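Just so it is clear: chains get the letters A, B, ... in the order the sequence lines come, proteins before strands, and each one is counted from 1. Computed from a prediction, not measured in an experiment: that's the story for all the values here.
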Amino acid sequence: MSGTWNLIPKAEWIETDAQAQEAAEYLQQHARVNGLGTDTETTGTNLVKDVPLLMSLSDGNRRFAFWIQNLFRWNWLHEGVLRNPEIPKVGTKIKFDMHMCANIGIHIEGNLEDTLVMDWLYDENRTGRHGLKETAKDHCGLVMKDFKEVFPMRKATKKVPGETAGDAIMRVMADPVESLRGIEYAGLDAWGSVRVKMWLREQLSAIMMFPDRSLWQHFCDTEIPFTRVLFNMERRGITTCIGHLRAQSAPMDHDLHELEKEIVRHVGWPINPNSAVQLRKYFFEQMGYEPHRYTDGGASGIKQPSTDADTLIHFKDTKQCKVSSLMIKQREIAKAKSTYVDGLQDWVDRFFRIHTTLNQHVTVSGRLSSVEPNLQNIPRPDEDKFKIRAAFCAALGCVLVIADYDQLEMKLMAHFSQDPEMIGAIRSGKDLHCYTVALMYGENYEEVAEAKHCKEKKMTLTDRQKHLLLLRQAAKNTGFGLIYGIGPMKLASQLVDAKVFQPPRNEAELKENIKKAKDLINKYFMAFPGAKAFIDGTHQRCMETEYVQTLMGRFRRLPGINAKGGGGVDGEDGGGIAAEARRQAVNTIIQGTAADIAKQAMIVSEYDPVLNSIGAKLLLQIHDELIFEVEDDPEKVNTCKKRVQDIMEHPFGPDFELSVRLTAAAGSGYTWVDAK
DNA sequence: ACGAGATTCTGG
DNA sequence: TCCGCCAGAATCTCGT
């Protein structure tokens, strides 16, 4: 494998106009077959602040490198190659390089083929190892150098601040000897990306999602256009009312100080409320409380008594523990302040917009992930005292249009299971969870639905209605549990939390609760026998093939499904690896298909002539919710809402129907809170 | 000083 | 007998 090194062509440093002309002509001829490998070395990793310094291009054979500012006079390279829509661009994390280029006014056209996404389709279980270093080595036997090896950044000392990536690049490239290594490195990623793509294209072409459709076709039809959609969304960002955040910082600090002083007074020593270790000392050693639950233990499997919110609430309720109730308040404020009120401000650009990075290749199910910052876990306004979501708003002269799917995952469960009761309930417009209460507990559907209606209208509820709503909560939990593959133990503890079951006072009562939970699951399956058949059938089929597929045919490979000690095939039992794989099998079909649907709706939206004609822009996706920005004009807002709703309800065109209709609801307003 | 792992909490 | 799915960020703790 090390012999592959000999195949790496020497990097060509482009300085003269003649060299650039020759390179442009060569690439125009040769870069169409395998795409144009494109990579930049930049001043840093900030999406909006950093800029590219070096650029490298490769067709998979020759590789070129040059100072990027030369593009401004090498128009034939810029216009004829980079802006040539007929030449696909290949890269690893290519959206990032696109942002860097866009930051200095260079806009790249053509298909965006990212090896991260290819490798993810090839093996979604290689979590965190889709990068070029890993794929080049694992697939092509190529050992890639680290940026830091070639451009080592001088560490900060007491007197001198540390070097930036840009400083290191400029210093190394100014040195006649060291710059040679810089040039070699700079050209390598572009070339390596093309080689890795060639290998992955071969593999993906040979893996069939359906008899007439390969994974490579899926990549070309769906994932390539989607990469461009995500880039556009990231580029736009979302306007943030930074004042709404800034104004809350000082008062929160004050409250935190007061709370911490009072906590320390009660505890007697300077305890740090953020330290689980110190909290364990206080609660379980000093106070001698019994642990309420234990931590997961992580990779090492060492389980410790937990000091999470559940536990603090438990101590507050059962022991009237003052420290617990203070801690709960402290935690709430500390979390909101550090992650959101303060944390988000660091990401606001000079136009008051935040640009997240939307990862296409991270999750095993096919969902997006959002990082730096994560805009997919902003607190919901009903729970959140600080109304963080209201800080996200439309640009001046615009409104946000927000549309979300109604019960998408439960509808997919109905579709895949073909359960007649479930399909019937949804088709007749019933609230599924209310209907489940009726089926499971023998209550009257109308009465349960009325209780939910009263709660939504914020009317005063009778005790009977409160009880029914608890049952509905339980049914909802059981329903989601169905999708997640819940066991009787977990359901029992959930129903205790929901105050449907009595808290167990001893081992026997716990057993009793678990048995009752088991009965509920059985009842649920009696009510929806199709769901039971779907789950069992999924397990069975997965054990034969060791994978499951989403609606579009994307794979989730689950080799663990046939691990030893997995128990029977009836889904009743089975521990460890195989049981986990069984849960994942069912969940992936539902969650992964939901992701497919949202993805398709986004692609269609982005290129929709109607939405484009009114200037509606897709900004964010939160799994089953899309956020658009459009001019604040009643007609345009209405058109946008209608059109988005229509696209979301028929993402695969008017002729494609599931067993239950998809429904989406759209709202509009100046902020993320008002637009829902 | 830096990085990995554990814990906690946010979302769908 | 053990086990609800999929994510990311902040903070603390401990090892190097």
Spacing of the P atoms in dT7(B) and dC3(C) (rounded, Å): 14 Å
Nucleotide dT1(C), atom P - distance to NZ of Lys518(A) in whole Å: 12 Å
DNA chain B: 5'-most and 3'-most nucleotides touching chain A, 4.0 angstrom heavy-atom criterion: dA6(B) to dG12(B)
Nearest-angstrom distance from the residue atom CD of Gln621(A) to P of dA7(C): 14 Å
Aromatic ring proximity, centroids under 6.0 angstrom, Tyr547(A) and Phe555(A): yes
Given Lys411(A), Glu649(A), Gln645(A), the one that forms side-chain hydrogen bond (donor to acceptor under 3.5 Å, both in side chains) with Thr663(A): Lys411(A)
Nearest-neighbour nucleotide for the Asn274(A) side chain, dT11(C), dG8(C), dT13(C) considered: dT11(C)
Can you check nucleotides 4-6 of chain C for protein contacts, nitrogen or oxygen pairs under 3.5 Å, and list what you find?
unit_1 : atom_1 : unit_2    : atom_2 : d
dG4(C) : O3'    : Arg583(A) : NE     : 2.8
dG4(C) : O6     : Gln494(A) : NE2    : 2.1
dG4(C) : N1     : Gln494(A) : NE2    : 3.3
dG4(C) : N2     : Phe480(A) : O      : 3.4
dG4(C) : N2     : Gly481(A) : N      : 2.8
dC5(C) : OP1    : Arg583(A) : NE     : 3.3
dC5(C) : OP1    : Arg583(A) : NH2    : 3.2
dC5(C) : O2     : Gln591(A) : NE2    : 3.3
dC6(C) : OP1    : Arg556(A) : NH1    : 3.2
dC6(C) : OP1    : Arg556(A) : NH2    : 3.4
dC6(C) : OP1    : Gln584(A) : NE2    : 3.4
dC6(C) : O4'    : Gln591(A) : OE1    : 3.1
dC6(C) : O4'    : Gln591(A) : NE2    : 3.3
dC6(C) : O2     : Arg367(A) : NH1    : 3.3

Length of the CG-C1' vector between Leu344(A) and dA10(C), whole Å: 13 Å
Minimum-distance nucleotide to Ser338(A) side chain [options: dT11(C), dG8(C), dT13(C)]: dT11(C)
Atom-to-atom span, CG of Asp624(A) to C1' of dA7(C) - whole angstrom: 14 Å
Verdict with supporting geometry, Phe231(A) and His99(A), ring pair (Phe, Tyr, Trp, His ring centres under 6.0 Å): CA-CA 8 Å; Phe231(A) 170 75; His99(A) 281 294; 4.6 Å; yes
DNA chain C-proximal residues of residues 301-311 of chain A, any heavy atom under 4.0 Å: none
Salt bridge flag under 4.0 Å for residues Glu512(A) and Lys516(A): no
Minimum-distance pair of heavy atoms, taken over all atoms of Trp672(A) and Ile622(A): CZ2-CD1, 3.5 Å
Aromatic ring pairing Phe283(A)/Phe315(A), orientation class (parallel under 30°, perpendicular over 60°, tilted between): tilted
